[in-house]
Amino acid sequence: MQTIQKDCRTEIVIEKSRFICTLKKVGSETEAQEFIKSIKKEFWDATHNCSAYIINDMQQRSSDDGEPSGTAGVPMLEVLRKKSLTGVAAVVTRYFGGIKLGAGGLVRAYTNSVVHAVEEAGLARRVEMAVFALSAPPGEAGRIMNKLYNQNIFTVNGAQYGERVKILLYMKQEQQAEAEAWLTAALNRPVTLEEVSTEFVEVPV
């Protein structure tokens with residue numbers, strides 16, 4: 001799965017018409033619809049505010065917002081699909097410049113507007129990562145933490161302090177055995193990691 005690295009706004013001018021594309025990461029249809037409403041409110045005086053969003057394979061929508069049917073929303077949605085994007089909403093705001101573009105010209109304009117914005121936003125790949133806990137006595141936590149930074153198997157993600165310290169480590173699930181072997185050698189004692197949770201992190205493409 002891919003998404004954009006950052007929210008962004010770009011603008012292109014075609015035959016005196018301004019096409020302003022706003023891209024945003026969204027986590028649900030409700031969030032996407034609220035975003036679209038906010039852009040329509042911001043650009044209340046625009047000729048059109050056309051939109052498209054993909055939350056996942058089942059939740060995809062587009063709107064031509066008054067442009068001829070199929071000339072705006074669907075081409076915008078196709079750009080998101082071709083880039084394999086999820087969790088992204090796009091609104092292209094048009095201020096009409098007085099020159100009609102025709103159906104083909106509109107399709108190209110809305111397509112290019114979203115393509116340009118996606119290039120500006122950058123792509124990120126969503127990778128499922130696991131959070132594992134390494135248990136350690138409080139008195140040894142500092143020394144162990146120092147050792148953990150000298151490897152590239154996992155990332156240290158903080159610690160939880162109690163009777164024993166739980167040092168939290170980020171890694172792919174398939175790296176658990178490799179991490180345990182490295183830790184066993186580095187700490188000179190058998191190490192078994194406890195999986196705490198899994199979550200998606202974004203890695204630039």
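Note that the structure is predicted; figures quoted are calculated from it, not measured.
Between Glu195 and Thr198, the shortest heavy-atom distance links the atoms OE2-CG2, 3.2 Å. What you find for Ala141 and Ile167 is that their closest heavy atoms are O-CD1, 4.4 Å. The two residues Arg18 and Ile20 have their closest heavy-atom pair at NH2-CD1, 3.4 Å. Between Ala159 and Val165, the shortest heavy-atom contact is CB-CG1, 4.0 Å. The minimum heavy-atom distance linking Trp182 with Asn150 is given by the pair CZ2-O, 3.8 Å. Between Val131 and Glu199 the shortest heavy-atom distance is CG2-OE1, 3.9 Å.
Look at Glu202 and Lys25 and you find a salt bridge, because one of the NZ, NE, NH1 or NH2 atoms lies within 4.0 Å of a carboxylate O, short of that distance.
In this structure, the side chain of Glu180 engages the main chain of Leu193 through a donor-acceptor pair within 3.5 Å. Without hydrogens or angle criteria, Gln151 side chain to Leu148 main chain gives a donor-acceptor distance under 3.5 Å. At distances below 3.5 Å, not a single donor-acceptor pair connects side-chain atoms of Glu178 with backbone N or O atoms of Gln175. Remark: side-chain polar atoms of Glu31 are paired, donor with acceptor, to backbone N or O of Gly27 under 3.5 angstrom.
Of the inter-residue distances, the one linking Glu34 atom CD with Ile36 atom CD1 reads 10.0 Å to the nearest 0.5 angstrom. Between Thr192 atom OG1 and Phe132 atom CZ the span is 11.5 Å, to the nearest 0.5 Å. Taken to the nearest 0.5 Å, the OG atom of Ser63 stands 11.0 Å off from the NE2 atom of His48. Distance check: Ser17 OG to Ile12 CD1 gives 10.5 Å after rounding to the nearest 0.5 Å. Of the inter-residue distances, the one linking Arg94 atom CZ with Phe43 atom CZ reads 15.5 Å to the nearest 0.5 angstrom. To the nearest 0.5 angstrom, Gln160 atom CD is 11.0 Å from Ser135 atom OG.
Residues Leu101 and Tyr95 do not share a hydrophobic cluster, clusters being chains of Ile/Leu/Val/Met/Phe/Trp/Tyr side chains in contact below 4.5 Å. Under the 4.5 Å side-chain heavy-atom criterion for Ile, Leu, Val, Met, Phe, Trp and Tyr, Tyr170 and Val203 are members of the same hydrophobic cluster.
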Identify all side-chain donor-acceptor contacts of residues 73-93 below 3.5 Å with residues at least two apart in sequence or on another chain.
{"residue": "Glu78", "atom": "OE2", "partner": "Arg81", "partner atom": "NH1", "Å": "2.7"}
{"residue": "Arg81", "atom": "NE", "partner": "Gln60", "partner atom": "OE1", "Å": "2.8"}
{"residue": "Arg81", "atom": "NH2", "partner": "Gln60", "partner atom": "OE1", "Å": "3.1"}
{"residue": "Thr86", "atom": "OG1", "partner": "Gln2", "partner atom": "O", "Å": "3.4"}
{"residue": "Thr93", "atom": "OG1", "partner": "Asn49", "partner atom": "OD1", "Å": "2.7"}

Counting only pairs under 3.5 Å, give me each side-chain donor-acceptor contact of residues 105-129, with atom names and distances, residues two or more places apart or in other chains.
{"residue": "Tyr110", "atom": "OH", "partner": "Glu67", "partner atom": "OE2", "Å": "2.6"}
{"residue": "Thr111", "atom": "OG1", "partner": "Val107", "partner atom": "O", "Å": "2.7"}
{"residue": "Asn112", "atom": "ND2", "partner": "Arg108", "partner atom": "O", "Å": "3.2"}

Item to complete: Could you give me the CA-CA distance, side-chain angles and deciding distance for Gln33 and Arg61, then say whether side-chain contact (heavy atoms from CB on, under 4.5 Å) is met?
Response: CA-CA 10 Å; Gln33 289 161 3; Arg61 299 285 185 275; 5.6 Å; no
Fill in: Pair Leu187-Leu134, side-chain contact (heavy atoms from CB on, under 4.5 Å): steps then yes or no
CA-CA 11 Å; Leu187 304 181; Leu134 169 65; 4.3 Å; yes
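The hydrophobic cluster around Trp44 extends to none of the other residues, as no ILVMFWY side-chain heavy atom falls under 4.5 Å of it.
The shortest side-chain heavy-atom distance between Leu169 and Leu183 falls under the 4.5 Å cut-off. Inter-residue side-chain proximity for Lys40 and Asp65 is flagged as met; some heavy-atom pair is nearer than 4.5 Å. Put simply, the side chain of Glu29 reaches to within 4.5 Å of the side chain of Tyr53, judged on heavy atoms. Residues Cys21 and Arg9 have side chains not in contact (no heavy-atom distance under 4.5 Å, counting atoms from C-beta outward).
Annotation: Asp45, atom CG; neighbour count of heavy atoms from other residues, nucleotides and ligands within 6.0 Å is above 12. Atom NZ of Lys147 sits in a crowded spot, with more than 12 heavy atoms from other residues, nucleotides or ligands closer than 6.0 Å. Residue-environment remark: CG (Asn146) exceeds the threshold of 12 foreign heavy atoms within 6.0 Å.
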